[in-house]
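These values consider heavy atoms only, across backbone and side chains, with no hydrogens, waters or symmetry-generated copies.
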Amino acid sequence: MTDQTPRTLEFADNRVVAEIVGAHSRNLADIERAFEIEVAHRGNILTLHGEDDAVEKGVATIRTLETRLAKGRPIEPGDVAGAIRFANEGEPKATPKPAAANSKAVEIHTRKRIIEPRSPRQAEYVNSLQTQTLTFGIGPAGTGKSYLAVAAGVAAFMEKRVDRIILSRPAVEAGERLGFLPGDLKEKIDPYLRPLYDALQDTIGGDQVQKFMESGVFEVAPLAFMRGRTLANAFVVLDEAQNCTRMQMKMFLTRLGENSQMAVTGDPTQVDLPRGETSGLQEAVDILEGIPDANIIRFTDADVVRHPMVSRIVRAYDKLESSRRDRNDRR
């Protein structure tokens, strides 16, 4: 590593430095590893050594964390990784409607917490969810597609921009045959919809979710229940959309009513439809790209915000699939 002119950052409050450094200097270690630099900590001063470009990214990461603390928000697990992503990739592109499109301005305010994007593509996605009628979130597991869509729906409801939230999923088994499930209809379909319930509870609280569910203001239902309806004054989320057939996708998208927004999320690499059945997600993305008031956000393994191992797993599977496609093309 060629050492260029070091950058020195001095902070007026030692407590701010302590938060940025983290327990046992864990946050500094993450920043050093990400940009291959060295960060020395002494009192209220941080000194960064390394290649100029890498040092600038380290400074940008630290300033992002400092800004978070200035807002009165603690540095939570994942915030350092998010700040590193923004420093690495830069600002996201704006959606067609004017809206702030950076990590400091694009936020989702729910009853329980304020949710900030942790990658430029997440910021672009949140911006789209807040401004566009139809948003597709396409990409691997762990990128926050479903969680951010539900959170955006909760925020729209709390701000009285919509009167209700409707969350849906296709009731397709993930490569297993679960057989006969006991209980009434709700008990049979709830296992398929559990991730949506979890996202609601995390953003608005279990007691409130139950109250709104009982009143019909919040609805969590399998995709088959959407046929014949017009979904007006609602924020509508279709999750696991890769498991929709072509006709199901068309049926769902045409349910959109006045003063409503719709988010469609899915991972095209995890289709659980019967062999030979075409997924409607990719077809919808292909034919709707570029139409007014619709936006398609494509996530990659770089946007995974779960355990770092998840990103490496996604990358390994993508490499395997690419290798298989190359072999098939050569035949």
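A salt bridge is defined here as a Lys NZ or Arg NE, NH1 or NH2 lying under 4.0 Å from an Asp or Glu carboxylate O, and Arg26 with Asp30 fails to meet this definition. Taking 4.0 Å as the cut-off between side-chain N and carboxylate O, Lys57 and Glu51 do not count as a salt-bridged pair. A salt bridge links Glu56 with Arg7: at least one charged nitrogen is closer than 4.0 Å to a carboxylate oxygen. In summary, Asp207 and Lys211 do not engage in a salt bridge, as defined by a charged side-chain N under 4.0 Å from a carboxylate O. Glu124 and Arg121 are not joined by a salt bridge, as no carboxylate oxygen comes within less than 4.0 angstrom of a charged side-chain nitrogen.
The shortest heavy-atom contact between Thr133 and Ser260 is CG2-O, 3.7 Å. Nearest heavy atom pair, residue Pro74 against residue Asp79, reads O-OD2, 3.7 Å. Taking each heavy atom of Leu253 and Ala284 in turn, the nearest pair found is CD1-CB, 4.2 Å. Nearest heavy atoms, Arg118 versus Val305: CB-CG1, 4.0 Å. Taking both residues in full, the closest heavy atoms of Ala241 and Val264 are given as CB-CG1, 3.4 Å, listed atom of the first, atom of the second, then distance. Residues Ile37 and Gly50 come closest through the heavy atom pair CG2-CA, 4.3 Å.
Distance CG/Leu46 to OG1/Thr8: 9.0 Å, rounded to 0.5 Å. Glu219 CD to Leu196 CG: the interatomic distance, rounded to the nearest 0.5 Å, is 12.0 Å. In this structure, CG in Leu129 is found 12.5 Å from NZ in Lys145, a value given to the nearest 0.5 Å. Distance check: Phe235 CZ to Leu167 CG gives 9.5 Å after rounding to the nearest 0.5 Å. Taking CD1 of Ile287 as the start and CD of Gln282 as the end, the distance is 11.0 Å to the nearest 0.5 Å. Rounded to the nearest 0.5 Å, atoms CD (Gln132) and OH (Tyr125) are 13.0 Å apart.
When the side chains of ILVMFWY residues are joined at heavy-atom separations under 4.5 Å, either directly or via intervening members, Leu223 and Met247 end up in two distinct hydrophobic clusters. The same ILVMFWY cluster, assembled from side-chain heavy atoms under 4.5 Å apart, contains both Met158 and Phe218.
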| field | Phe299 vs Val304, side-chain contact (heavy atoms from CB on, under 4.5 Å): CA-CA, chis, key distance, verdict | value | CA-CA 8 Å; Phe299 294 92; Val304 172; over 6 Å; no
| request: Evaluate side-chain contact (heavy atoms from CB on, under 4.5 Å) for Gln130 paired with Ile108, printing each intermediate quantity in order. | output: CA-CA 9 Å; Gln130 293 172 335; Ile108 299 176; 4.1 Å; yes
| request: Start with the C-alpha distance between Val220 and Met213, add both sets of side-chain angles, then the distance that settles side-chain contact (heavy atoms from CB on, under 4.5 Å), and finish with yes or no. | output: CA-CA 8 Å; Val220 183; Met213 293 286 291; 4.0 Å; yes
| So Thr135 and Asn295, side-chain hydrogen bond (donor to acceptor under 3.5 Å, both in side chains) or not? Walk me through it. | CA-CA 5 Å; Thr135 298; Asn295 204 24; 5.7 Å; no
| field | Working for side-chain contact (heavy atoms from CB on, under 4.5 Å), residues Phe136 and Ile297 | value | CA-CA 6 Å; Phe136 286 87; Ile297 309 298; over 6 Å; no
| request: Applying side-chain hydrogen bond (donor to acceptor under 3.5 Å, both in side chains), run through Asp198 and Tyr147 and close with a yes or a no. | output: CA-CA 9 Å; Asp198 291 344; Tyr147 184 85; over 6 Å; no
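Put simply, the side chain of Phe212 reaches to within 4.5 Å of the side chain of Ile204, judged on heavy atoms. Contact check for Glu19 versus Leu65: no side-chain heavy atoms found under the 4.5 Å cut-off. Taking 4.5 Å as the limit, every side-chain heavy atom of Thr300 sits out of range of all side-chain heavy atoms of Pro140. In this structure, Val80 and Ile75 have side chains that are in contact, with non-hydrogen atoms separated by less than 4.5 Å. A 4.5 Å side-chain heavy-atom check between Thr61 and Ile84 finds at least one atom pair inside the cut-off. Side-chain contact check for Glu66 versus Arg63: some heavy-atom pair is nearer than 4.5 Å. Looking at heavy atoms from C-beta onward, Phe86 lies in side-chain contact with Pro120 at the 4.5 angstrom threshold. Proximity of Val59 to Leu48: side-chain heavy atoms (C-beta onward) are separated by under 4.5 Å at one or more points.
Asp303 and Thr143 share no donor-acceptor pair across their side chains, judged by distance under 3.5 Å alone. Side-chain contact of Thr203 with Thr110: a donor-acceptor pair under 3.5 Å is absent, judged by distance alone.
Among residues two or more places apart in sequence or in another chain, the salt bridge (charged side-chain N to carboxylate O under 4.0 Å, His left out) test is passed with Arg227 by none. With sequence neighbours excluded, no residue forms a salt bridge (charged side-chain N to carboxylate O under 4.0 Å, His left out) with Arg275. Checked against salt bridge (charged side-chain N to carboxylate O under 4.0 Å, His left out), Arg73 has the following partners two or more places apart in sequence or in another chain: Glu107, Glu116.
In this structure, the side chain of Gln242 engages the main chain of Asp267 through a donor-acceptor pair within 3.5 Å. In terms of modelled atom types and a separation under 3.5 Å, the side chain of Glu289 and the main chain of Ile296 share no donor-acceptor contact. Although no hydrogens or angles enter the test, the distance criterion places no donor-acceptor pair under 3.5 Å between the side chain of Arg161 and the main chain of Phe157. Looking at Arg255, its side chain never comes within 3.5 Å of a backbone N or O of Thr230 through a donor-acceptor pair. Under the 3.5 Å distance criterion, the side-chain polar atoms of Asn44 are left unmatched by any main-chain donor or acceptor of Glu10. Arg85 contributes a side-chain N or O that, together with a main-chain N or O of Ala302, makes up a donor-acceptor pair within less than 3.5 Å. Under the 3.5 Å distance criterion, the side-chain polar atoms of Asp239 are left unmatched by any main-chain donor or acceptor of Gly266. Side-chain atoms of Asn243 come within 3.5 Å of backbone atoms of Asp272 as a donor-acceptor pair (strictly under, hydrogens ignored). No donor-acceptor pair closer than 3.5 Å links the side chain of Ser25 to the backbone N or O of Leu28. A distance-only check finds no donor-acceptor pair linking the side chain of Glu240 to the backbone of Arg169 [under 3.5 Å].
Residue Ile62 forms a side chain to side chain contact (heavy atoms under 4.5 Å, CB included) with just one option from Asn27, Val21, Val17, Leu9, and that option is Leu9.
For Glu258, the CD atom is loosely surrounded, since the number of other residues' heavy atoms within 6.0 Å does not exceed 12.
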